[in-house]
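These values consider heavy atoms only, across backbone and side chains, with no hydrogens, waters or symmetry-generated copies. Fair warning: this is a prediction, and the values are worked out from it, not measured in the lab.
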Amino acid sequence: MQQETTHRSVQLLPRRGDVRPVARTSLPGNPLAASAARRFIRAALADWTRHGTVTTRGTDRLSDDAVLVVSELATNAVVHAGTGVEVLARLDPATDDDPAALVIEVSDHHPARAVRGDGHEQEGADPGEPDHGRGLHLVATLAVSWGITYRPGRKTVWARLPLDGFDGAALAAQGGEAPRKRGVRAAEILAPSPRRSVRDDREWVGRGALSFLAEASDLLAGQLDEDMVAALAGQLLVPRLADWCAVWLDGETGPAPRPARVWHADESAIEGLREALAGGPPRLPGEPRGTAVPVPAAWPPAGAGSAVAFRLTVGARPLGTLLLGREAPPGVPDEAIALLEDFARRVGLAIGAARQYTRQATISRVLQRGLLPAQVARIPGVDSSLVYEPSDEGLAGGDFYDIFPAGSGGRWCFMLGDVQGSGPEAAVVTGLARPWLRLLAREGYQVAGVLDRLNGLLLDDALEAAEAAALMAARPALAGTADAGSATGHEGPQSRFLSLLYGELTPLPGGGVRCALACAGHPLPLLLRPDGTVRPAAASQLLLGVVEDVAYESQTFELMPGDTLLCVTDGVTERRSGQRMFDDADGLAQALAGCTGLTAEGVADRIRRAVHTFAEAPPDDDLALLVLQAR
């Protein structure tokens, strides 16, 4: 059973007049220790970054390096000692002798050699000793210094990672490419340069496989591009387990497999290997489902090598082929086959996840373009500012908004709504509700009448038919994804609840506008006067799409020059920090009262920042707010 791990995230200890943030944790002596150590280091660095303790540039790079180091040290401690493990992370300030550093210490309770009673440290241990393995090669590569401390009943391996010297601006400028480059760098470190013998293979598989698979899973799982998954797979395998490898990816609609990655330990041989593999992947008999299949070696040209192929799959769906080969000695030892099969399964899962994300993100982008207006209209005599932040860029949200002219007479309408749920079901309702509202307004219906008729449409069988047709169209794209069940597996009619804030503005001859407003199950709009007073601008009424016989009502008031109307979705009011919500004790009204004298854009920005800083975690719901200010 997995054991729970607790740690003190930040502890301040005095040192020569300074304070050192320290985090400690104890881990069980089992294979779960490495993953728990990685989570611990990420959490500690996140804490220190949020509190401003870590001010160095390139914190992401530091986090990546620290995670690799602690994972390798924790794995070595579990594999070689078999005892419980203590992990410590500490930030040391710069001194005259040493630069500022993140210090990581991993201790176990079974020293591997005679204990030195003087408690002195042994630094830079001989890398040729078998006990060190390739893991300490990684530690030595990343750390400015490392060493081992022996004390009675305890052995501690420590490493110092530099805190300065990273160009944060350059990393930010790389945008989406930065995670890829960090991933390739980590893979290159994990893959040592020298080739190993069959005897070395057996020793390494018995002692280093746990760390290899753990790090491979972390690196592969973080990629959202299938070609990057293939590239990382090559970097991880060559030359650690093979002299060369190739990855082909099958097309999703039946095209021939395409070469995604060809890699050789000798970069000068890559072009020749690519030409030798130009005929495509080897033909694999039957449905091997990720098992190893010996195949004729396409390399080296002299024909002295051997090769083995794996079908990359997710469930029963083939995704591609992984081929790896050795030049000498021939053959892959049996001890390594099980490891490679496990690795191939992880590569298949990562490719499947990347494809799922790509499909979902494409669907979301297409839906989102149709759900939201390309631009909102400018209302004469009224300044407006809109903030819309979906919680998940890869999933169509349920929040929607619009500002538009309602035909002749100088009437202007605005809306802010939230459909129950997210994904295709919410997108269908949103995609129908917004055009219906525009149509009803332009047909001359007043605010209450618009809500009455929209409520009836949401309960009409015609919407159910339209929803079913849209979901059927989405089914092929969602097949095999987590959303497929929710899109196609429900029986009977779907819930189509909708909260809506809908209003109509009419300019007044002396300045300002008359506002007619109705709120159906939505967070109440707030009116801010120039003197700093805040009051609700509407009364709460029933959600749309719940009960058929409902007569909605509207409230009318004047929005005079300097008055500000704030409309939000529940992503603002229900933003959580522990057990508290942002709007508890009229939190939103208090935040709005502090915006007296600001422009519409200034009000929107201040409320947005207040919502974000209310909790440390990022918002987990769509965030939308609309500010209207008469001038």
Side-chain angles (χ1 to χ4, degrees), residues 364 367-368 371-373 376 384-393 395-404 413-423 425-434 437 447 451 454 458 495-503 517-528 534 536-546 564-577 580-584 586-592 595 600-601 603-615 617-628:
S364 181
L367 290 174
Q368 209 73 40
L371 300 181
L372 302 176
V376 295
S384 63
S385 183
L386 176 75
V387 173
Y388 175 68
E389 296 178 353
S391 62
D392 189 342
E393 295 289 348
L395 189 65
D399 289 5
F400 65 95
Y401 58 86
D402 203 357
I403 301 176
F404 60 94
C413 298
F414 63 94
M415 68 179 78
L416 190 61
D418 186 3
V419 178
Q420 178 198 34
S422 60
E425 297 96 329
V428 170
V429 180
T430 304
L432 294 172
R434 193 173 66 85
L437 284 165
V447 172
L451 266 63
L454 179 59
L458 289 170
S495 298
R496 293 183 289 270
F497 303 152
L498 169 66
S499 74
L500 179 68
L501 185 64
Y502 176 73
L517 189 58
C519 182
H522 204 77
L524 294 179
L526 298 178
L527 179 61
L528 171 65
V534 176
S540 182
Q541 301 177 77
L542 192 64
L543 282 166
L544 294 164
V546 179
T564 301
L565 183 67
L566 173 64
C567 311
V568 302
T569 60
D570 60 8
V572 173
T573 56
E574 297 180 7
R575 168 85 156 120
R576 286 191 172 274
S577 177
R580 296 187 305 121
M581 291 195 295
F582 183 76
D583 199 32
D584 285 350
D586 294 326
L588 180 59
Q590 293 179 30
L592 181 60
C595 298
E601 185 176 353
V603 173
D605 184 63
R606 180 168 294 185
I607 297 298
R608 182 193 65 81
R609 285 189 285 112
V611 172
H612 277 276
T613 58
F614 181 70
D620 58 0
D621 193 6
D622 300 340
L623 187 155
L625 62 92
L626 173 65
V627 177
L628 301 173

Distance only, no hydrogens: is a donor on one side chain within 3.5 Å (strictly under) of an acceptor on the other, for D418 and T569?
no

All side-chain contact (heavy atoms from CB on, under 4.5 Å) counterparts of A600, not counting sequence neighbours
D383, S385, V627, Q629

Does R606 have any side chain to side chain donor-acceptor pair (under 3.5 Å) partners at least two apart in sequence or in another chain, and if so, which?
none

Closest contact, heavy atoms only, S540 versus L524
N-CD2, 3.6 Å

Euclidean distance, L543 CG relative to L458 CG, rounded to 0.5 Å:
10.5 Å

The side chain to side chain donor-acceptor pair (under 3.5 Å) partners of R609 (sequence neighbours excluded) come to D605

Of all heavy-atom pairs linking F614 and F582, the shortest is CE2-N, 3.5 Å

Exercise: identify the closest heavy-atom pair between A537 and L527
CB-CB, 4.3 Å

For M415, give me all partners under side-chain contact (heavy atoms from CB on, under 4.5 Å), at least two apart in sequence or on another chain.
F400, D402, F404, R434, L437, L500, Y502

Does CG in D584 sit with more than 12 non-hydrogen atoms of other residues, nucleotides or ligands closer than 6.0 Å?
yes

Can you name the residues that form a side-chain contact (heavy atoms from CB on, under 4.5 Å) with L623, not counting sequence neighbours?
V387, E389, V572, V611, H612, L625

Given L526, which partner from the list L592, V568, L565 fulfils the side chain to side chain contact (heavy atoms under 4.5 Å, CB included) test?
L592

Nearest atoms (heavy-atom pairs only) where C595 meets I607
SG-CD1, 4.1 Å

Minimum side-chain heavy-atom gap D586-V534 below 4.5 Å
no

If every non-hydrogen atom of H522 is compared with every non-hydrogen atom of S499, which pair is closest and at what distance?
ND1-OG, 2.9 Å

Residues L566, L588; criterion side-chain contact (heavy atoms from CB on, under 4.5 Å); working and verdict:
CA-CA 10 Å; L566 173 64; L588 180 59; 3.9 Å; yes

Verdict with reasoning, L626 to F414, per side-chain contact (heavy atoms from CB on, under 4.5 Å)
CA-CA 9 Å; L626 173 65; F414 63 94; 4.0 Å; yes

For L451 and A518, the nearest pair of non-hydrogen atoms, with its separation, is CD2-CB, 3.7 Å

What pairs with A538 under side-chain contact (heavy atoms from CB on, under 4.5 Å), at least two apart in sequence or on another chain?
L517, C519, P525, Q555

CG (L501) and SG (C567) are apart, to the nearest 0.5 Å, by 4.5 Å

